[in-house]
Amino acid sequence: MAVFAASIFTLALGACATGPTDQDQPGATADSGLDRMERLALAANRCWFKSGDPAFARYSLAPELSSFSGRPRFLLVPRGQLEARPLLVVEAQSDSANVSVYGPLMNEALASRIDTDLARWRAGAKTCSA
């Protein structure tokens with residue numbers, strides 16, 4: 001759990017250290033996959049986990065934003081099992097506005113909530129609910 005806390009702390013510091021992204025500017029092009037995934041991971045952590053949302057109580061967030069493949073991502077895994085097989089993968093591509101979302105959780109009732117939240121955050125909203 002300490003690794004997770006350190007990762008989120010590092011992620012939060014990185015997000016604070018960066019300036020406005022292209023997506024924050026009106027009429028600008030898509031930002032990098034890493035910028036996008038930092039925002040999405042911070043929103044997911046804040047809204048799904050730090051808020052104590054019972055729908056996500058069985059899961060932990062595992063950010064994997066430093067990717068040499070050009071596909072920064074974050075995962076939802078069984079709570080406290082950061083090395084377990086992911087139940088959800090949210091992944092971006094560098095130089096593309098695409099965000100892929102897949103995994104076993106997308107075949108469960110929680111899928112519509114995940115899609116709705118991610119779409120809202122990708123559009124720039126910072127709220128936890130619609």
Review point. Looking only at heavy atoms, which two atoms of E64 and L75 are closest? And how far apart?
Key: OE2-CD1, 3.4 Å

Check your understanding: Any idea which heavy atoms bring C128 and R120 closest together, and the distance?
Key -> O-NH2, 2.9 Å

Working to the nearest 0.5 Å, report the span between [atom1] of [X] and [atom2] of [Y].
| X | Y | atom1 | atom2 | answer |
| --- | --- | --- | --- | --- |
| L110 | L88 | CG | CG | 8.5 Å |
| I114 | M106 | CD1 | CE | 5.5 Å |
| L87 | Y102 | CG | OH | 13.0 Å |

Less than 4.5 Å apart, side chain to side chain, heavy atoms only: is that true for [X] and [Y]?
| X | Y | value |
| --- | --- | --- |
| N45 | F74 | no |
| D53 | R113 | yes |
| L61 | F56 | no |
| S60 | Q81 | no |
| E83 | V77 | no |
| L118 | V99 | no |

**Study point:** Neighbour count >12 (heavy atoms, 6.0 Å) for atom CZ, R58
**Key:** no

Between [X] (side chain) and [Y] (backbone), is there a donor-acceptor pair under 3.5 Å?
| X | Y | answer |
| --- | --- | --- |
| W121 | T127 | yes |
| R73 | S100 | no |
| R122 | N98 | no |

Practice item. Please determine if R39 and D35 form a salt bridge, counting it only when a charged side-chain N lies under 4.0 Å from a carboxylate O. Key: no

